[in-house]
Amino acid sequence: MNAPTLLSHAELKTLMECEDTCVSIYLPVHKAGPPVRQDPIRFKNLISDAIGQLERRGWRHSDAEDFLAPAMELDKPEFWRHQNEGLVIFVAPNLFRYYRLPLYFEELVSVGDRFHVKPLMPLFTHNGRFYILALSQHQIKLFQASRYQSNEVDIGDTPTSLEEALQYDQPEEQVQMHTGNPNPAAGKSLIFHGHGVGTTADKGGIWRFFQKVDAGIRKALDGENAPLIMAGVEYLLPIYRDANSYPHLIEECVTVNSEILTPKELHDKAWNVMSQYFKVDREKATNRYHELAGNDGQASRNMEEVIKAAYYQRVDSLFVATGEKQWGQFNPESNTIELHREPDPHDVDLLDFAAIQTFLNGGTVYTDKPENLPDRALLAATFRY
């Protein structure tokens, strides 16, 4: 049985770029108790639904079963004993992924020319997805986190202690270091003079250590745009900020001895800070929409206009309704959109399509119930130009 995959930014991008026969299966699952026994039954029903949808697209029953075989092979007792809140499975030619995620999903089977990924967006948007960098002189750890949980990220051969980082260094007895931080948001550069443990020369060694850590973090987060929050004792935080080159390191920090906290304790303290960060971010985006809504061409709730803008890389912030679908097709060659009440065999959920295009083109996607979105629209956006 293949292991579940960590759902990273790069992983989501891979799913979004797949254009083929794509089967998406969402299932709410249970960690314990009597409902666990119902999960395999409901799973089989969703597989049968997927087979039926493939048959309606012209597939033979046996071919559909072969196509879904990797998913069907998951159905073993040990598989159901290790679940989270939601199970997501994606199947396409030469691609099979499944994820155990800390989100509750409505049961859903989608068969189309793209994967249906909109239910995953809360993990990547205001609900929020972020990274925690736990800093100390003796231990460096990076966690990918959301509102619900955190998982440690492999940072490869990045040194994880000051001793490891500087074992081959031969710093001069007199250290004079005027740092030139490439990140203007970090503020004033640090100026180190002197020598000896606990003095500014000691800080110079920490700074060199953090430069090496920064290089490893940039490699681990290549292509990411999720915010990064530092957690560490107070005197280390400005030193790392000066060494940092990751552009999404936020001003807010968790001031704590990260070595004595469990991962859950660290996550809880980080989320207390990040929840306010994401709330403010969402409020700024909403206010900007309302400010621009009266200006022609700068914001819109017109579905066709927003879908086209998302495809042509014009959307800065997209607000899209969860639990809703708009079936149809977008033809970029003729720049036309067809909207349907019921799905045709090759229709896509155009709300999902707009979210995918916005995400791939560097925009920000906010998902919520329609009543919580600007103008209570299923789809609304602010534009870059």
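Sequence positions, counted from 1, serve as the residue numbers for this chain. Note that the structure is a prediction, hence the values are computed from the model and not measured.
Between the side chains of N287 and E283, no donor N or O sits under 3.5 Å from an acceptor N or O. With 3.5 Å as the limit, one finds no donor-acceptor pair spanning the side chains of Q144 and N151.
Proximity of a side-chain donor or acceptor of D368 to a complementary backbone N or O of T322 within less than 3.5 Å is not detected. With hydrogens and angles disregarded, a donor-acceptor distance shorter than 3.5 Å links the side chain of T158 to the backbone of I155. With hydrogens and angles ignored, the 3.5 Å screen pairs a side-chain donor or acceptor of D352 with a backbone N or O of V117. Listed for the R114 side chain is no donor-acceptor partner under 3.5 Å among the backbone atoms of E17.
When all heavy atoms of A231 and L237 are compared, the closest pair comes out as C-CD2, 4.3 Å.
Taking the centre of each ring, F43 and W80 come in below the 6.0 Å mark.
Within a 6.0 Å radius of NZ in K325, more than 12 heavy atoms belonging to other residues, nucleotides or ligands are found.
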So K308 and F330, side-chain contact (heavy atoms from CB on, under 4.5 Å) or not? Walk me through it. CA-CA 8 Å; K308 293 177 182 179; F330 170 59; 4.0 Å; yes

Decide side-chain hydrogen bond (donor to acceptor under 3.5 Å, both in side chains) for D214 and S245; before the verdict, give the C-alpha distance in whole Å, the side-chain angles of both, and the deciding distance to 0.1 Å. CA-CA 7 Å; D214 172 64; S245 61; 2.7 Å; yes

Evaluate R97 against L95 for side-chain contact (heavy atoms from CB on, under 4.5 Å), listing each step before the verdict. CA-CA 7 Å; R97 299 281 197 279; L95 187 150; 3.9 Å; yes

Let's go through R57 and V111 carefully: what are the C-alpha distance in whole Å and the side-chain angles of both, what is the deciding distance for side-chain contact (heavy atoms from CB on, under 4.5 Å) to 0.1 Å, and is it a yes or a no? CA-CA 9 Å; R57 291 169 67 94; V111 178; 3.5 Å; yes

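With contacts defined as side-chain heavy-atom distances shorter than 4.5 Å, the pair I229/L249 does not qualify. Inter-residue side-chain proximity for Y131 and H248 is flagged as unmet; no heavy-atom pair is nearer than 4.5 Å. With contacts defined as side-chain heavy-atom distances shorter than 4.5 Å, the pair E85/L101 does not qualify. Within the 4.5 Å cutoff, the side chain of Y289 has heavy atoms near those of the F319 side chain. Inter-residue side-chain proximity for R218 and D222 is flagged as unmet; no heavy-atom pair is nearer than 4.5 Å.
Applying the side chain to side chain donor-acceptor pair (under 3.5 Å) test to Q137 and every residue at least two apart in sequence or in another chain returns Y235.
Using cut-offs of 30° and 60° for the angle between ring planes, the Y26 and F105 rings count as perpendicular.
Considering F96, Y98, F115 as possible partners of F90, the one that fulfils the side chain to side chain contact (heavy atoms under 4.5 Å, CB included) test is F115.
With a 6.0 Å cutoff to the six-membered ring centre and a 45° limit on the axis angle, R314 counts as a cation-pi contact of F383.
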